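Owing to the predicted nature of the structure, the values given are computational and were not obtained by experimental measurement. Hydrogens, waters and symmetry mates play no part in the numbers below; they use all other heavy atoms, side chains included. Just so it is clear: chains get the letters A, B, ... in the order the sequence lines come, proteins before strands, and each one is counted from 1.
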Protein chains: 2
Amino acid sequence: MFSKSCKYAIRAVLFLAANASEAQKMGVREIADALDVPKHFLAKILQDLSRHNLVSSVKGPSGGFFLSDKNMRATLRSVVECIDGPEIFTGCILGLPVCSSENPCPMHKQAVVYRAGLLDLIEHQPIVEVARKVKEQGLKL
Amino acid sequence: MFSKSCKYAIRAVLFLAANASEAQKMGVREIADALDVPKHFLAKILQDLSRHNLVSSVKGPSGGFFLSDKNMRATLRSVVECIDGPEIFTGCILGLPVCSSENPCPMHKQAVVYRAGLLDLIEHQPIVEVARKVKEQGLKL
DNA sequence: ATAAAAAAAGATTTTGTTGTCTTTTATTCT
DNA sequence: AGAATAAAAGACAACAAAATCTTTTTTTAT
């Protein structure tokens, strides 16, 4: 489904959304410990997200990562596309180089429906909304 | 989504279902050429499927692979589970070690729905039905 | 200046994919 | 029946990609 990097990315972003702020930045170590993921791998992922303006960061002492208001309004879809690339939503489910409604693979029609559902999950709710649910319901990350 | 092996497996099984029979067995070379996939990688996958009784094979001259009637009545789900393992349907979409309705991750509820849809695609139609559509509509593999 | 933190680059390990070669089995032809 | 042959099965090596770890550099608050 999602790559490991992408799963870590989603969890990290939601964790930041729920627990950090510009006034309360979080270091990689803290996030990695909380999510129980390899610290340096996570650092690389956060740098990727930072370069794409999906998370904000400040260097130096009392620096760290957090989500700006703009970051908060992005959707999980942008996070997924940033890490796993957009083909995850568009490529043929059987890996055929060409596969379209005119020239479909045997699973094309169903795959379209299924993907619409997946996109729906991660596209319409901005990160801030998901984070709110995480906090309210004390969901795990 | 599916691993490369799994995509190859699905395509190979459907190809066999549509083009081979006990009387008309197909060699790995033929299948690999038709699907444009690496021959030896495909051979390994077919051996896997054969060990799990999802495809049938006969050695020796005029031997090859085909689908028995029983193989034909299996579903694509068994193929996918054979190659990618059952966790692809059951594991947490965010990769959390424990994630259930009692202790859900932020995407759990939606993931359940989405997966039900995916399973539906590949579970209910037996291979023979999918193959019939492939033949009728001249779908690509 | 010093220390803390992210950023960057790169080395290493692990996993997945592809290719080569050998062995085993079954068929077909004498 | 026995030899030749065709095909799957299996062992193993090479390569590629993904994941993880290490080291160095840059920035910035104190």
Taking only side-chain nitrogens and oxygens of B:Y8, does any of them come within less than 4.0 Å of OP1 or OP2 of C:dT18? yes
Mind calculating the distance between CG (B:L49) and C1' (D:dA9) to the nearest angstrom? 14 Å
Checking the side chain of A:K140 only, and the main-chain atoms of B:V98 only, is there a donor and an acceptor separated by less than 3.5 Å? yes
Give a yes-or-no answer on whether the side chains of A:S68 and A:N71 include a donor-acceptor pair shorter than 3.5 Å. yes
State which of C:dT27, D:dA8, D:dT26 makes the closest approach to the side chain of B:S62. C:dT27
Stepwise salt bridge (Lys or Arg N to Asp or Glu O under 4.0 Å) check, A:E136 with A:K133: CA-CA 5 Å; A:E136 275 174 10; A:K133 271 197 279 183; over 6 Å; no
I need the residues from residues 25-43 of chain B with at least one non-hydrogen atom less than 4.0 Å from DNA chain C; give them sorted by number, or say none. B:P38, B:H40, B:F41
If you compare every side-chain N and O of A:S5 against the phosphate oxygens of D:dA19 (OP1, OP2), does one of them come in below 4.0 Å? yes
Does a side-chain N or O of B:R51 approach OP1 or OP2 of D:dA9 to a distance below 4.0 Å, or not? no
Separation between CG (B:L16) and CZ (B:F65), nearest 0.5 Å, reads 8.0 Å
B:D84 atom CG is separated from C:dG16 atom C1', nearest whole Å, by 11 Å
Same cluster for A:I122 and B:L94 if Ile/Leu/Val/Met/Phe/Trp/Tyr side chains link at under 4.5 Å? yes
If I take atom CD1 in residue A:I83 and atom P in nucleotide D:dA17, what distance separates them, rounded to the nearest angstrom? 18 Å
Just the rounded figure in Å: distance from P of C:dG19 to CD1 of B:I45. 12 Å
Write down the distance between CZ (B:F66) and C1' (D:dA8), rounded to a whole number of angstrom. 13 Å
Taken to the nearest 0.5 Å, the spacing of A:L141 CG from A:N19 CG works out to 7.5 Å
Is there a side-chain polar atom (N or O) of B:S57 under 4.0 Å from OP1 or OP2 of D:dA9? yes
On the nucleotide C:dG10, are OP1 or OP2 found under 4.0 Å from the side-chain N or O atoms that A:K44 carries? no
Check the distance between D:dT27's C1' and A:K59's NZ and give it to me in whole angstrom. 5 Å
With respect to the side chain of B:P61, which nucleotide from C:dA7, D:dT5, D:dG10 is positioned closest? D:dT5
Euclidean distance, atom CD of residue B:Q47 to atom P of D:dC12 [Å, nearest integer]: 15 Å
Among C:dA7, D:dA19, D:dT20, which nucleotide has an atom closest to any side-chain atom of A:F65? C:dA7
Sequence neighbours left out, what passes side chain to side chain contact (heavy atoms under 4.5 Å, CB included) with A:D48? Give chain and number order. A:R51, A:I83
B:K4 atom NZ is separated from C:dG16 atom P, nearest whole Å, by 13 Å
